[in-house]
S.K.: 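I'd like to ask some things about the structure below.
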Amino acid sequence: MIVDCGSRLRLDIDGVFSGTAGVADGRVSFVPNRFGKSPAQARAGVLDGVAVTLAPVKDATGPFWTSRYEVLS
Amino acid sequence: MLPLMIAAGVIAAQAEPAAGEIVASADCTVTAVTRQAEVAIAAGIPQGAPTWPQPYDPGDHVPYAFDFAPLMAEDERIASIAAIRLGSQAAALGIAVDQAAGYAPTIDVDGGRKVQVWLLVSAPYQGDGQFDAGGVRMVVTFQVVTDALPPKRFERSAVLVVRQL
């Protein structure tokens with residue numbers, strides 16, 4: 001049995017977020033803490049030191065923004 | 001080293017579930033639906049995933065159960081739990097599946113159609129402001145294998161609202 005509770009990794013998105021985000025199953029969740037631009041406009045970030053593509057979507061009822069991410073090679 | 005890597009989320013924990021009594025209350029039990037509606041809930045949560053009736057207070061330490069009965073034949077039982085996964089929202093807030101002795105994931109010893117998990121929130125996160133007001137919706141995904149011949153595998157998700165009660 002695999003029990004996967006995800007992990008907490010450093011995420012930086014210019015003008016949107018800088019801090020620790022939740023990561024699980026190819027998705028990353030964060031609560032914006034920078035206000036330079038709308039999180040909906042974010043298309044890239046640095047996750048655990050690795051550049052990734054993002055497309056955050058706001059949770060309808062909660063504070064989190066969640067995005068699938070792909071590592072930029 | 002291994003426990004540290006598991007705690008840090010570098011690798012997923014692996015253990016075998018035990019058969020035992022399901023002690024989750026009716027309000028802490030959610031039942032699989034055979035025709036899951038195409039209703040969006042939140043990013044990263046499967047459409048139409050059922051929600052546990054009882055929200056979870058981050059300071060609680062109580063069991064929650066998932067009932068696979070509607071998906072299974074009358075004489076079919078869950079043989080094993082292949083995986084339990086929490087969503088990225090849960091990871092962000094220090095929510096985890098308890099695997100300590102007496103609290104580890106359980107397969108219903110009576111009917112063999114339910115699985116149970118005990119969730120816990122890391123102490124430093126229990127007072128997090130995200131749990132105020134409406135709180136957070138997090139997803140728990142169970143993958144089970146049945147004793148049918150040939151065996152079936154079901155993967156279903158349920159939504160848990162975590163908020164201060």
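Each chain gets a letter, A, B and so on, in the order its sequence line appears, and its residues count up from 1. Since we're looking at a predicted model, the values are computed, not measured.
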S.K.: If you measure from CD on B/Gln143 to CD1 on A/Ile2, what distance do you get to the nearest 0.5 Å?
M.R.: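 Answer rounded to 0.5 Å: 8.0 Å.
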
S.K.: Quick one: which of A/Ser67, A/Gly62, A/Pro56, A/Ser29 has the most heavy-atom pairs under 4.5 Å with chain B, could you say?
M.R.: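 Greatest number of close heavy-atom pairs with chain B: A/Ser29.
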
S.K.: If two hydrophobic side chains count as joined below 4.5 Å and joins carry through other members, does B/Val97 share a cluster with B/Val30?
M.R.: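 They do share one cluster, since a chain of ILVMFWY contacts under 4.5 Å joins B/Val97 to B/Val30.
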
S.K.: Dump the intermediate steps for side chain to side chain contact (heavy atoms under 4.5 Å, CB included) on A/Val28 and B/Ser88, then the final yes or no.
M.R.: CA-CA 6 Å; A/Val28 58; B/Ser88 50; 5.7 Å; no

S.K.: Would the number of heavy atoms belonging to other residues, nucleotides or ligands and lying under 6.0 Å from CD of B/Glu155 be above 12?
M.R.: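 Atom CD in B/Glu155 is crowded, with more than 12 foreign heavy atoms closer than 6.0 Å.
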
S.K.: Quick check: are there more than 12 heavy atoms from other residues, nucleotides or ligands sitting under 6.0 Å from CZ of B/Arg153?
M.R.: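 Counting neighbours around CZ of B/Arg153, 12 or fewer heavy atoms of other residues, nucleotides or ligands fall under 6.0 Å, so no.
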
S.K.: Can you say whether B/Ile95 sits under 4.5 Å from chain A via the side chain, the backbone, both, or neither, judging by heavy atoms?
M.R.: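 It is the backbone, since no side chain atom gets that close.
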
S.K.: Taking B/Phe66 as the starting point, is it possible to reach B/Phe154 by hopping between hydrophobic residues whose side chains are less than 4.5 Å apart?
M.R.: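 They do share one cluster, since a chain of ILVMFWY contacts under 4.5 Å joins B/Phe154 to B/Phe66.
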
S.K.: Shared ILVMFWY cluster between B/Ile22 and B/Leu160, side chains joined below 4.5 angstrom?
M.R.: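 Per the 4.5 Å side-chain linkage, B/Ile22 and B/Leu160 are not co-clustered.
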
S.K.: Does any backbone or side-chain atom of A/Val57 lie under 4.5 Å from a heavy atom of chain B? Answer side chain, backbone, both or neither.
M.R.: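 Interface part for A/Val57: both.
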
S.K.: Testing the basics here: between B/Ala91 and A/Ser7, what is the closest heavy-atom pair and its distance to 0.1 Å?
M.R.: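 Distance-wise, the nearest heavy atoms are CB-O, 3.5 Å.
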
S.K.: Start with the C-alpha distance between B/Arg137 and A/Asp59, add both sets of side-chain angles, then the distance that settles side chain to side chain contact (heavy atoms under 4.5 Å, CB included), and finish with yes or no.
M.R.: CA-CA 9 Å; B/Arg137 291 176 191 274; A/Asp59 287 355; over 6 Å; no

S.K.: Are A/Val46 and A/Phe17 connected, step by step, through hydrophobic side chains (Ile, Leu, Val, Met, Phe, Trp, Tyr) whose heavy atoms are closer than 4.5 Å?
M.R.: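 No, A/Val46 does not connect to A/Phe17 through the hydrophobic network.
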
S.K.: If you count every heavy atom of other residues, nucleotides or ligands that lies below 6.0 Å from A/Asp25 atom CG, does the total exceed 12?
M.R.: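 No - once you tally the heavy atoms of other residues, nucleotides and ligands closer than 6.0 Å, there are 12 at most.
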
S.K.: Please check if atom CZ in B/Arg77 has more than 12 non-hydrogen atoms from other residues, nucleotides or ligands closer than 6.0 Å.
M.R.: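 Count over threshold, so yes.
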
S.K.: Are there residues of residues 116-136 of chain B that reach to under 4.5 Å of chain A by heavy atoms, and which ones?
M.R.: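 Within residues 116-136 of chain B, the residues that come under 4.5 Å of chain A (heavy atoms only) are B/Tyr125, B/Gln130, B/Gly135, B/Val136.
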
S.K.: Please say yes or no: joined through hydrophobic side-chain contacts below 4.5 Å, possibly via intermediate residues, are B/Val140 and B/Tyr64 part of one cluster?
M.R.: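 Yes.
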
S.K.: Just verifying a value: how many Å separate A/Asp4 CG and B/Thr141 OG1, rounded to the nearest 0.5 Å?
M.R.: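 Interatomic distance, A/Asp4 CG to B/Thr141 OG1, rounded to 0.5 Å: 10.0 Å.
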
S.K.: How far apart are the closest heavy atoms of A/Met1 and B/Ile84, and which atoms are they?
M.R.: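 What the structure gives for the nearest pair is SD-CD1, 4.1 Å.
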
S.K.: By a 4.5 Å heavy-atom criterion (distance strictly below it), what part of B/Ala96 contacts chain A: side chain, backbone, both, or neither?
M.R.: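 Answer is both: backbone and side chain atoms of B/Ala96 are under 4.5 Å from chain A.
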
